[in-house]
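What you see is a predicted model; the values in this text were computed from it and never measured.
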Amino acid sequence: MNPNILIVTDKDNIYIELLRMADHSLPRVVRYLNTCMPFAMLAGSSTIGACLVEKNDALYNIVNLVITPAEQGKGYGRELLSYVLDYIRSQGGRYVEIGCANSSMRQIMMFQRAGFR
């Protein structure tokens, strides 16, 4: 199944518990939802992934990128990241930062393959 990725205009449709899989701090996730552009990855009617992007002038910061555990390892994270980076480029973005916990080796490898250092 090929999932659809879309920019979510109704932030209430972003599943907070999904975002908390990448950041356990509820206050921080709520703050991100208030300041970031949300993206959702849908498979049918189910949300299987999400990404939050914060913009400060010419700098974009990917503050949260998560795929549900059942769908991890299938390339969906890479697909969502690629979509978000294409969107940022289309908006004239030139600089993108992303943070990742040291214990997330699979994520670090995915980000390195996408060109992050």
Can you name the one residue among N61, V53, L19, V63 that meets side chain to side chain contact (heavy atoms under 4.5 Å, CB included) with Y32?
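So, applying the side chain to side chain contact (heavy atoms under 4.5 Å, CB included) to Y32 and each of N61, V53, L19, V63, only V63 qualifies.
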With a 4.5 Å cut-off on side-chain heavy-atom distances among I, L, V, M, F, W and Y, is there a chain of contacts connecting L81 to Y95?
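No, it is not one cluster - the side chains of L81 and Y95 are not joined through contacts under 4.5 Å.
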Treat each ILVMFWY residue as a node, draw an edge where side-chain heavy atoms are under 4.5 Å apart, and state whether M21 and L42 are in one component.
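As far as the 4.5 Å side-chain criterion goes, L42 and M21 are connected within one cluster.
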Looking at S90 and Y87, would you say the former's side chain and the latter's main chain have a donor-acceptor pair under 3.5 Å?
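Side chain of S90 to backbone of Y87, a donor-acceptor pair under 3.5 Å: yes, one is there.
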Side chain of D23, backbone of S25: donor and acceptor closer than 3.5 Å?
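Pair found, side chain donor or acceptor close to backbone of S25.
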pair V84-V96: side-chain heavy atoms closer than 4.5 Å:
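No; the side chains remain at least 4.5 Å from each other.
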What distance separates [X] [atom1] from [Y] [atom2], expressed to the nearest 0.5 Å?
X: I98; Y: L85; atom1: CD1; atom2: CG; value: 7.5 Å
X: E97; Y: E54; atom1: CD; atom2: CD; value: 10.0 Å
X: I62; Y: I88; atom1: CD1; atom2: CD1; value: 5.0 Å
X: M37; Y: Q91; atom1: CE; atom2: CD; value: 6.5 Å
X: E17; Y: T47; atom1: CD; atom2: OG1; value: 13.5 Å

Assess whether side chain to side chain contact (heavy atoms under 4.5 Å, CB included) is satisfied between E71 and M41, documenting all intermediate values.
CA-CA 11 Å; E71 301 301 333; M41 178 175 261; over 6 Å; no
Please find the pair of heavy atoms, one from [X] and one from [Y], that lie closest to each other, and give the distance.
X: C36; Y: L52; result: CB-CB, 4.0 Å
X: G49; Y: L18; result: C-CD2, 3.8 Å
X: L80; Y: C51; result: CD2-CB, 4.1 Å

